[in-house]
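Single-structure report; data block below.
In listed order, ligands and their atoms are each counted from 1.
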Amino acid sequence: MITVEERPAGAFENNNQKPTGYGRMLRKEDARFIRGKGRYCDDVQLPGMLHLAILRSPVAHARIVSIDTTAAEAHPKVKAVVTGAMLAEKGLAWMPTLSNDVQAVLATDKVRFQGQEVAFVVAEDRYAARDALELIDVEYDILDPVVDVRTALDPDAPVIRDDLEDKKDNHCFDWETGDAAATEAVFAKADVVVSQDIVYPRVHPAPMETCGSVADYDPVDGKLTLWSTTQAPHAHRTLYALVAGLPEHKIRVISPDVGGGFGGKVPIYPGYVCSIVASLVTGKPVKWMEDRSENLTSTGFARDYIMRGEIAATRDGKILAIRTNVLADHGAFNGVAAPVKYPAGFFGVFTGSYDLEAAYCKMTAVYTNKAPGGVAYACSFRITEAVYLVERIVNCLADELDMDPVELRLKNFIKPEQFPYRTKTGWVYDSGNYEPTMRKAMEIAGYEQLRREQVEKRARGELMGIGVSFFTEAVGAGPRKDMDILGLGMADGCELRVHPTGKAVVRLSVQTQGQGHETTFAQIVAEEIGIPPDDIEVVHGDTDQTPFGLGTYGSRSTPVSGAAAALVARKVRDKARIIASGMLEVSVADLEWEKGSFHVKGDPTKSVTIQDIAMKAHGAGDLPEGVEGGLEAQICYNPENLTYPHGAYICVVDIDPGTAQVKVRRFIAVDDCGTRINPMIIEGQVHGGLTDGVGMALMEMIPFDEGGNCLGGSLMDYLIPTAVEVPDWETGYTVTPSPHHPIGAKGVGESATVGSPPAIVNAVVDALKPFGVRHADMPLTPSRVWDAMRGNPQPPI
Ligand code: MCN
Ligand code: CUM
């Protein structure tokens, strides 16, 4: 990998030394992962554990006429067979989703998507459970499915959600933002208006580990322990308390090592609830683990937006307004889109990084007979779609004006002095300095030289394209006054204990799925308190062991929990200062902090280390008046605002004119996530996100046939990128700290997934300019590019 970056100040003193705070440091958790010692949900083995398998609907839309479970029940290894009707008797057939919708745990009346949960079997082993599924006889009365989102609202379209009272059509929700009239006025006076239909196809997070859970209900003390593949253990626990009616203190949710989440493990899936019910019914621990095709066909999907983008500008390239109309396919149930007040997630940031006069968005979300859509997938809550829209439409404008796409962007960036900047849709960008980031990307890319190379290649008939994108994200949901999930405010707790020997444990409410929290959170605390990161244990993913908080998604861990970790460490340091003043017999004001120790001002020889203080805090002898023993603190952090990282990406592609195969030759990513805790982990996050972007731009899409059959149910049909398809990433960075975050850090986990697809598509469209191509939709597979070269780029849906 090629990396262009200076070492951040104070990162580490020399190459052989570990950082005492921020800086490059190998991931602590990798010691167990690379030795195969990770402990995932499927590794949980409990005495007497039974196995659960789910019977799923083979059709997209049908009334359930009858279910006969007698043969399955007679299977010698089967312990229980449960149907929706049985759950309904206990009031458990439906559960609330994290988006204020309801979803069937097991279908009672109708099935609404292919792969929907219809019944489950609990058996002695996984194979018997699967075998017994085939013995269940379900009679379906097939109904017409609603597959095409464009006709879902037709008056004669079958109503999918007739379970909802008064539901007469397939409307999921309507949402608008911005000022329609003001935007119309600006459009009316603009010299240039460009509009483009843009599709963001349905894709799947496809994590390495599928979803699953192990439920263990102990009838004696009434306690339920649930190991589950969740990104948000505390929020899930509260929901289980509400759904199952179990007292919350008697539920323990453990999210062990998670093999990738990417947003797909935010929702509560029926399978988790089924395993709980199964344990309640059998009195035994019960494991449920999806196989790959169940994961690909029935857990939450992402994107699936059909957007019309319109942009208005002056002839000399001043962007005046952006308007968009979106048709959103949410599948049969609205899984999770974002905080409750944000039905379309943070799509509202579709005004991008530009200073506009007006903006307006109207969205119509509909139900279709597909697996629940609208889940997050490395998206910062729909910012992926917003960034794709604005960065494609700005490129279309550059084309129309015959202006260089970089020049157009530079001309319209929000200026550094305009921050905090309130967008025309009401978001307040905390900080940003866009031009240096763009310039850095151009410098790494050798932009001018690339353009010259392109001219030469075009003259020879070769297809080379250069694509640019510039994004601003909104991550770190969010201020609790504005943001909640089912009434739970989006704040996060953190606890820090320093033990007598000066080692520490920090407990988080967020849950890593590969982002390296066990390392970076130790680094945050280390930076504040001077205990080496290796001496700080990070505990997370267990509701019995960690303070309440809303979990990891929307790149919120660093913005919210990271802030909590820094502040809790400062709290401990404040207490340590008082204890140190007693030890050194000087007033608190006469002490100076130097990472890891306090010394008397003017006399560095008189000092005590944080380890000395920890022992003193727990030891015999007097402490200063009013100081309790121990060295620990806790906090609940409510962010003042979101953080707004940004980045400039440049992609270079070559297209084989004979096969229409796109090759990403170079990709330059310059990210600005404010203060950088661990540059190596940030780069890892960026590399992963860029790879995701290549997948979405060039190969990933989950299509459905007219019958509503999912055509992407295996990794043979749903292609995901490998090392072969991606270039050596070239990364760089700038640092614009967040003014309201205690250490100035912004999130970065989803930046590259958000920012890369438009850069790649812009590059492909640029390469196809000689064919008069103005736009082509993802995924840009060889056949779609081939069609585009022949002037026939049809939308994928
Ligand atoms: N980091 C840092 N300095 C910063 C910002 C972040 O060193 N200024 C570090 C963090 O401390 C953390 C990592 O980078 O170790 C990502 O931090 P952050 O941006 O706060 O994101 P989260 O930890 O909240 O992770 C969530 C984000 C999301 S929403 C998806 S989706 C995604 C992603 O992370 N899923 C992932 N990256 C993933 N990476 C892996 N390996 N697996 C997933 O499922
Ligand atoms: Cu948008 S996927 Mo992440 O927020 O878990």
Side-chain angles (χ1 to χ4, degrees), residues 8 11 19 21-25 27-30 33 203 205-209 229-232 257-267 300 302-303 336-339 345-346 374-385 473-477 492 508-525 527 538 540 549-563 565-566 643 645 671-689 691-692 733 735-738 741 743-754:
Y22 309 151
R24 278 172 196 280
M25 173 182 162
R27 304 197 327 166
K28 291 168 62 163
E29 45 267 77
D30 286 347
F33 291 139
V203 292
M208 205 135 64
E209 179 202 34
T229 50
T230 170
Q231 299 179 216
D257 287 328
V258 174
F262 307 103
K265 289 170 181 167
V266 179
R303 324 286 192 251
V336 57
F346 296 172
V375 326
Y377 163 22
C379 61
S380 311
F381 296 136
R382 298 285 192 185
I383 289 174
T384 331
E385 292 90 327
E473 271 198 285
V475 303
D492 279 84
L508 313 175
S509 55
V510 289
Q511 154 64 25
T512 180
Q513 310 107 46
Q515 297 88 339
H517 291 179
E518 287 167 43
T519 309
T520 46
F521 279 81
Q523 290 185 274
I524 294 173
V525 173
E527 179 77 23
V538 176
H540 59 94
L550 283 213
T552 292
Y553 40 84
S555 304
R556 66 188 295 283
S557 304
T558 306
V560 188
S561 267
T643 66
D671 277 276
D672 189 324
C673 56
T675 304
R676 294 155 68 84
I677 298 153
N678 186 328
M680 189 197 76
I681 286 185
I682 294 173
E683 279 159 21
Q685 291 289 298
V686 170
H687 291 169
T691 307
D692 253 349
Y733 71 96
V735 176
T736 312
S738 166
H741 188 283
I743 62 171
K746 303 179 177 185
V748 76
E750 295 157 300
S751 291
T753 317
V754 168

Give the residue, atom name and distance (to 0.1 Å) of the protein heavy atom nearest atom 23 (O) of ligand 1.
-> His517 NE2, 2.5 Å
Val748, portion touching ligand 1 at heavy-atom distance under 4.0 Å = both
Given side chain to side chain contact (heavy atoms under 4.5 Å, CB included), test Phe521 with Val510 step by step and report yes or no.
-> CA-CA 11 Å; Phe521 279 81; Val510 289; 4.2 Å; yes
How long is the gap from NZ on Lys746 to CG on Asp672, to the nearest 0.5 Å?
-> 6.0 Å
Without swapping roles, check the side chain of Arg303 against the backbone of Arg382 for a donor-acceptor pair under 3.5 Å.
-> no
Determine, considering heavy atoms only, which of Gln513, Glu473, Glu209, Gln515 sits nearest to atom 26 (C) of ligand 1.
-> Gln515
Which of the atoms of ligand 1 are close to Lys746, meaning less than 4.0 Å from one of its heavy atoms?
-> 4 (C), 5 (C), 8 (N)
Side-chain (Ser555) to main-chain (Glu750) donor-acceptor, under 3.5 angstrom | yes
Mind checking whether Gly260 has an N or O less than 3.5 Å away from an N or O of ligand 1?
-> no
Considering all heavy atoms, the nearest Gly23-Pro679 contact = C-CD, 3.5 Å
Out of curiosity, Thr520 OG1 to Tyr22 OH, how far, rounded to the nearest 0.5 Å?
-> 11.0 Å
Indicate, as side chain, backbone, both or neither, the part of Ile677 found under 4.0 angstrom from ligand 1 when only non-hydrogen atoms are considered.
-> both
To the nearest 0.5 Å, how far apart are CG in Asp257 and CD in Gln511?
-> 8.0 Å
Counting heavy atoms only, which part of Val510 comes closer than 4.0 Å to ligand 1: side chain, backbone, both or neither?
-> neither
Between Thr558, Ile524, Asp671, Thr753, flag the one that comes closest to atom 17 (O) of ligand 1 by a heavy atom.
-> Thr558
the protein heavy atom lying closest to atom 11 (O) of ligand 1 turns out to be Thr520 OG1, 2.9 Å
Whether Gly554 lies under 4.0 Å from ligand 1, heavy atom = yes
N or O pair under 3.5 Å between Thr675 and ligand 1 = yes
Numbered in order shown, the ligand 1 atoms found under 4.0 Å of a heavy atom of Gly263 are 31 (S)
Sidechain-backbone polar pair: Asp492 side chain, Gly549 backbone, donor-acceptor under 3.5 Å = no
From Asp671 atom CG to Gln685 atom CD, the distance as rounded to the nearest 0.5 Å | 11.0 Å
So which heavy atom in the protein is nearest atom 43 (C) of ligand 1, and how far is it from that ligand atom?
-> Phe262 CE2, 3.3 Å
Exercise: identify the closest heavy-atom pair between Val754 and Ser380 | CG2-OG, 4.1 Å
Answer yes or no for Gly476: is there a heavy-atom contact with ligand 1 below 4.0 Å?
-> no
Atoms of ligand 1 less than 4.0 Å from Gln685 heavy atoms?
-> 16 (C), 33 (C), 34 (O), 37 (N), 38 (C), 39 (N)
Quick check: does Gly261 get an N/O under 3.5 Å from an N/O on ligand 1?
-> yes
When rounded to the nearest 0.5 Å, the distance separating OG1 of Thr519 from CD1 of Ile677 is 11.5 Å
What residue and atom, counting heavy atoms only, is the protein's closest point to atom 14 (O) of ligand 1, and at what distance?
-> Ile681 CG2, 3.7 Å
Euclidean distance, His517 NE2 relative to Thr552 OG1, rounded to 0.5 Å | 4.5 Å
What are the two closest heavy atoms between Cys673 and Gly747, and how far apart are they?
-> CB-O, 3.7 Å
Closest approach of Ser738 to Thr643 (non-hydrogen atoms, all atoms of both residues) = OG-CG2, 3.9 Å
The protein heavy atom nearest to atom 7 (O) of ligand 1 is Asn678 N, 3.0 Å
What atoms of ligand 1 come closer than 4.0 angstrom to any heavy atom of Tyr553?
-> 29 (S)
Check for a donor-acceptor pair, side chain of Glu473 on one end and backbone N or O of Pro645 on the other, with a separation under 3.5 Å.
-> no
Do any N/O atoms on Gly514 end up under 3.5 angstrom from N/O atoms on ligand 1?
-> yes
Locate the shortest heavy-atom distance separating Asp692 from Ala378; write the atom from each residue and the value.
-> OD2-CB, 4.1 Å
For ligand 1, find out whether one of its N or O atoms is nearer than 3.5 Å to an N or O atom of Cys673.
-> yes
For Pro559, counting its heavy atoms only, list the atoms of ligand 1 lying under 4.0 Å from any of them.
-> 20 (O)
Where does ligand 2 get N/O contacts under 3.5 Å from the protein, atom by atom?
{"from": "ligand 2", "atom 1": "4 (O)", "to": "Gly554", "atom 2": "N", "distance (Å)": "2.4"}
{"from": "ligand 2", "atom 1": "4 (O)", "to": "Glu750", "atom 2": "OE2", "distance (Å)": "2.8"}
{"from": "ligand 2", "atom 1": "5 (O)", "to": "Gln231", "atom 2": "NE2", "distance (Å)": "2.9"}
{"from": "ligand 2", "atom 1": "5 (O)", "to": "Gly263", "atom 2": "N", "distance (Å)": "3.2"}

Considering all heavy atoms, the nearest Glu518-Glu29 contact = N-OE2, 3.1 Å
Protein contact to atom 22 (P) of ligand 1 [nearest heavy atom, distance to 0.1 Å] = Ser557 OG, 3.4 Å
